[in-house]
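Reading through the C-alpha cells given below for one structure.
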Amino acid sequence: LTDIKELYRKRENFIGTEVTVGGWVRSNRDSKSFGFLVINDGTFFETLQVVYGDGLSNFEEICKINVGAALIVRGTIVETPNAKQPFEMQAAEVTVEGTSAADYPLQKKRHTFEYLRTISHLRPRTNTFQAVFRVRSLIAYAIHSFFMERGFVYVHTPLITGSDCEGAGEMFQVTTLDLNNIPKNGDGEVDFAQDFFGKPTNLTVSGQLNVETYAFAFKNVYTFGPTFRAENSNTTRHAAEFWMIEPEMAFADLKDDMMLAEAMLKYIIRYVLENAPEEMAFFNQFVDKGLLERLKHVVDSDFAHVTYTEAVEILEKHNDAFDYKVSWGCDLQTEHERYLTEEVFKRPVFVTDYPKEIKAFYMKLNEDGRTVAAMDCLVPGIGEIIGGSQREDKLELLEQRMEELNLPKEDYGFYLDLRRYGSVRHAGFGLGFERCVMYLTGMSNIRDVVPFPRTVKNCEL
Ligand code: 4AD
Ligand code: MG
C-alpha cells in the first residue's frame with residue numbers, strides 16, 4: 001500500500017501511475033454514473049479523493065458505502081489543477097474491507113471538541129486529532145533525541161512506590177486488600193502486612209527521587225514516563241494521569257538546570273516545526289492563529305528570568321486584576337503565571353527562588369534561609385510548564401527539613417543515603433509532557449492532547 005503522505009510529498013513521481021491505498025472513508029457522494037470517495041489513511045491529515053464510475057463491477061455497492069468504512073482502492077493518480085486538492089485517483093478497483101454502520105458518529109461536519117471527547121476511541125480519525133497525536137508522538141521522539149544527543153542515560157523509574165516525592169499527599173493508593181473486607185490488626189488499624197507489598201504503596205507522582213539516585217552513578221540521566229496525581233483540580237491543564245520528563249544532573253546547579261530547560265524547549269520547537277510543517281500550519285490556521293509566529297519568536301530569543309520576590313512586587317501592583325490577591329509567601333496561581341508571561345515578559349520566563357514553605361522538601365535552601373533554589377518555567381497560554389530545582393545535598397539540612405514537615409524518614413532511607421555516600425550539588429526539573437503538547441499545538445484543554453484522558457470523575461474507555 002502507498003501512504004497518502006507519500007502521494008502528497010512526492011506527488012510528481014506518482015502522476016499517471018497506478019497505486020493502491022488503504023484507508024477510511026470520510027465522505028462518499030455519487031450521481032448517476034460516477035461518484036467521489038474521500039479517504040484518509042492516517043499517514044497524513046490530508047485526504048485522497050477517489051473517483052469511481054459505473055464501469056466498476058461493484059458500482060452499486062460502492063455507492064452505498066458509509067462514512068467510516070475501511071477500503072482498499074487501486075487506481076491511477078491524475079492531476080486536478082482546478083480542484084481544491086492537487087490530485088485525485090481514478091479508481092480501477094474498490095474493495096470494501098469493513099463496512100460502517102449508518103450511525104457512525106463522525107459525519108462530515110465540524111464537531112465540537114467537547115463532543116469528540118465523548119468518543120475518544122474515534123476522534124483520532126478527525127483532522128485535528130490526527131495532527132495532535134502525530135505531533136505528540138514527534139515531541140516524545142524529539143525529547144529522547146535531545147537527551148540522547150547529550151549523553152543522558154534514560155532511566156525507567158518505578159510507577160509503584162512507597163514514598164511521596166512532592167509531599168503533597170495527592171496519591172492514588174495501590175493495594176491488593178479487599179476493600180469490602182479490609183483486614184484489621186490488633187489495634188483496629190488496616191493490616192498492611194496482608195497487602196501484596198506488606199506496606200502501603202501508591203502510584204508515583206514523580207520519578208525524581210529514584211532518578212536522582214542514578215544521577216549519582218551516571219551524572220546525567222532522565223526519566224520519561226507516566227505519573228499520577230489524585231489532586232482534585234478540575235481545570236484545563238490538570239490530568240490525574242500525565243507524562244513527565246525529568247532530567248537530573250550531578251555537578252550542576254540551578255543555572256545549569258535552567259540552561260538545560262531552555263535548550264530543551266527550543267530543541268523541541270525547532271524539531272516539530274521542521275518535521276511536522278503541515279500539522280503546524282494546520283494548528284496555526286484552525287486552532288491558534290498566532291502560534292507559528294509565537295513559537296518562532298521563542299526559538300530566536302532568550303527566556304526571561306525573575307525571582308519570586310521580584311515577581312510578587314510586579315504582581316502586587318496589579319492585584320485589582322486578579323481574583324486571588326498576591327502577597328509574598330503565597331503560591332502563584334495560573335492567573336498570575338499567565339499575567340507574568342503574557343503581559344509582562346511576553347515570552348517564556350523562569351521564576352526562581354520561591355519561599356521554602358510553598359515548595360517541596362528536597363529543594364536546596366538558599367543563603368537567606370527562607371527561599372529555596374527552585375525554578376518554574378512559565379509560558380504564554382499555559383502558565384507553569386516546567387518545575388525544577390537544585391536539590392538539597394547536605395544530609396543535616398535535608399533531615400531537618402523532613403522533620404519540619406513530618407516526613408517519615410524510614411520511607412526515604414535510600415534518598416538520605418545519597419547524601420551520605422558521595423553527595424554533590426545536583427539539579428533537575430520536570431516537564432509536563434501534556435502541557436508541552438498544548439504549548440506546541442495551541443490546543444487549550446489537556447483533555448484534547450491525551451489519547452484517553454483521566455481527569456476528575458472521568459475514566460472512560
Ligand atoms: O512542578 P511539579 O510538581 O514538579 C515535580 O514533580 C518535580 N519532582 C520535578 C522535578 O524536579 N524532577 O511537576 C512538574 C511539571 C509541572 O510543571 C507541570 O508541567 C506538570 O509537571 N504537571 C502536570 N501536568 C498535568 N496534570 C497535572 N496534574 C500536573 N501536575 C504537574
Ligand atoms: Mg510545580
Side-chain angles (χ1 to χ4, degrees), residues 139 143 147 152 155 157 161 163-172 203-215 220-249 252 254 256-258 260-261 264-265 268 308 331-334 336-337 341 348-352 354-355 358-364 372-379 381-392 415 426-440 443 445-450 453-456 458:
I139 296 175
I143 288 167
F147 287 113
F152 282 61
V155 181
T157 49
T161 124
S163 57
D164 176 9
C165 175
E166 294 306 298
E170 290 165 336
M171 298 173 299
F172 288 101
L203 293 178
T204 189
V205 298
S206 156
Q208 179 196 323
L209 302 189
N210 294 90
V211 91
E212 267 186 60
T213 70
Y214 270 60
N220 292 334
V221 295
Y222 72 105
T223 178
F224 184 174
T227 46
F228 307 87
R229 297 205 184 168
E231 59 189 323
N232 201 351
S233 302
N234 207 347
T235 78
T236 55
R237 28 167 249 159
H238 287 89
E241 177 178 319
F242 62 98
W243 285 58
M244 191 150 58
I245 297 91
E246 295 182 277
E248 192 71 31
M249 299 177 290
L254 193 66
D256 301 315
D257 206 27
M258 289 189 281
L260 184 75
M264 176 193 69
L265 284 177
I268 299 170
Y308 168 88
D331 206 355
L332 300 185
Q333 310 295 313
T334 305
H336 311 131
E337 294 175 344
T341 178
V349 53
F350 287 109
V351 180
T352 60
Y354 285 78
I358 57 172
K359 287 292 180 190
F361 73 98
Y362 51 72
M363 295 191 183
K364 186 167 184 63
V372 286
M375 62 95 161
D376 276 6
C377 182
L378 318 178
V379 296
I382 294 176
E384 178 188 342
I385 192 171
I386 287 175
S389 61
Q390 187 171 340
R391 323 304 190 184
E392 187 55 75
Y415 194 65
H426 62 295
F429 64 77
L431 166 69
F433 184 56
E434 282 71 18
R435 292 193 189 171
C436 182
V437 178
M438 290 168 74
Y439 184 48
L440 269 93
M443 297 295 285
N445 195 314
I446 197 164
R447 291 162 183 78
D448 298 330
V449 300
V450 186
R454 273 82 179 95
T455 50
V456 181
N458 172 34

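Indexing begins at 1, ligand by ligand and atom by atom, following the structure's order. One is the number of the first residue; the rest follow in order along the sequence.
Annotation: atom 17 (O) of ligand 1 to nearest protein heavy atom, Glu384 OE2, 2.6 Å. Nearest protein heavy-atom neighbour of atom 28 (N) of ligand 1: Glu231 OE2, 2.7 Å. For atom 19 (O) of ligand 1, the nearest non-hydrogen atom of the protein is Ile385 O, 2.8 Å. Protein heavy atom at the shortest distance from atom 3 (O) of ligand 1 is Arg229 NH1, 2.8 Å. What sits closest to atom 20 (C) of ligand 1 on the protein, heavy atoms only, is Gly432 CA, 3.6 Å. Nearest to atom 15 (C) of ligand 1 among the protein's heavy atoms is Gly430 O, 3.6 Å. Closest to atom 26 (N) of ligand 1 among all protein heavy atoms lies Ala239 N, 2.9 Å. Here the heavy atom of the protein found nearest to atom 4 (O) of ligand 1 is Glu166 OE1, 4.0 Å.
Closest approach between the Mg ion (ligand 2) and any N/O/S atom of Glu384 involves OE2.
Under a 3.5 Å cut-off, the side chain of Arg435 and the backbone N or O of Arg237 do form a donor-acceptor pair. Formation of a donor-acceptor pair under 3.5 Å by the Glu246 side chain with backbone atoms of Gly207 is found in this model. Checked by atom type and distance alone, the side chain of Glu337 pairs as donor or acceptor with a backbone atom of Glu384 at under 3.5 Å. The backbone N or O of Thr235 lies less than 3.5 Å from no partner atom in the side chain of Ser233, so there is not a single donor-acceptor pair.
Thr223 places none of its side-chain heavy atoms less than 4.5 Å from the side chain of Tyr214. Side-chain contact between Phe242 and Thr227 is present, with heavy atoms from C-beta onward closer than 4.5 Å. Put simply, the side chain of Pro247 reaches to within 4.5 Å of the side chain of Leu260, judged on heavy atoms. Annotation: side chain of Ser206 is in contact with side chain of Arg229 (closest heavy-atom distance under 4.5 Å).
When each of Gln390, Glu248, Met249 is tested with His426 by the rule side chain to side chain contact (heavy atoms under 4.5 Å, CB included), just one qualifies, namely Glu248. When each of Glu212, Glu392, Arg391, Glu166 is tested with Tyr362 by the rule side-chain hydrogen bond (donor to acceptor under 3.5 Å, both in side chains), just one qualifies, namely Glu166.
Within ligand 1, the atoms closer than 4.0 Å to a non-hydrogen atom of Ile446 are 25 (C), numbered from 1 in the order shown. The contact set between ligand 1 and Tyr362, taken as ligand atoms under 4.0 Å from a residue heavy atom, comprises 7 (C), 8 (N). Distances below 4.0 Å separate heavy atoms of Gly387 from the following atoms of ligand 1: 1 (O), 9 (C), 10 (C), 11 (O), 17 (O). Atoms of ligand 1 lying under 4.0 Å from any heavy atom of Arg391, numbered from 1 in the order shown and given with element: 10 (C), 11 (O), 12 (N). Atom numbering of ligand 1 starts at 1 in the shown order; those under 4.0 Å from a heavy atom of Ser206 are 6 (O), 8 (N). Using a 4.0 Å cut-off to heavy atoms of Ile386, the atoms of ligand 1 that qualify are 17 (O).
Ring planes of Phe228 and Phe172: perpendicular class, angle over 60° (limits at 30 and 60°).
Counting only non-hydrogen atoms, the option in Glu246, Arg237, Glu170 that gets closest to atom 12 (N) of ligand 1 is Glu246. The option with the heavy atom closest to atom 23 (C) of ligand 1, from among Phe433, Phe228, Phe242, Phe429, is Phe242. For atom 21 (O) of ligand 1, the nearest non-hydrogen atom from the set Glu434, Arg435, Met244, Arg454 belongs to Met244.
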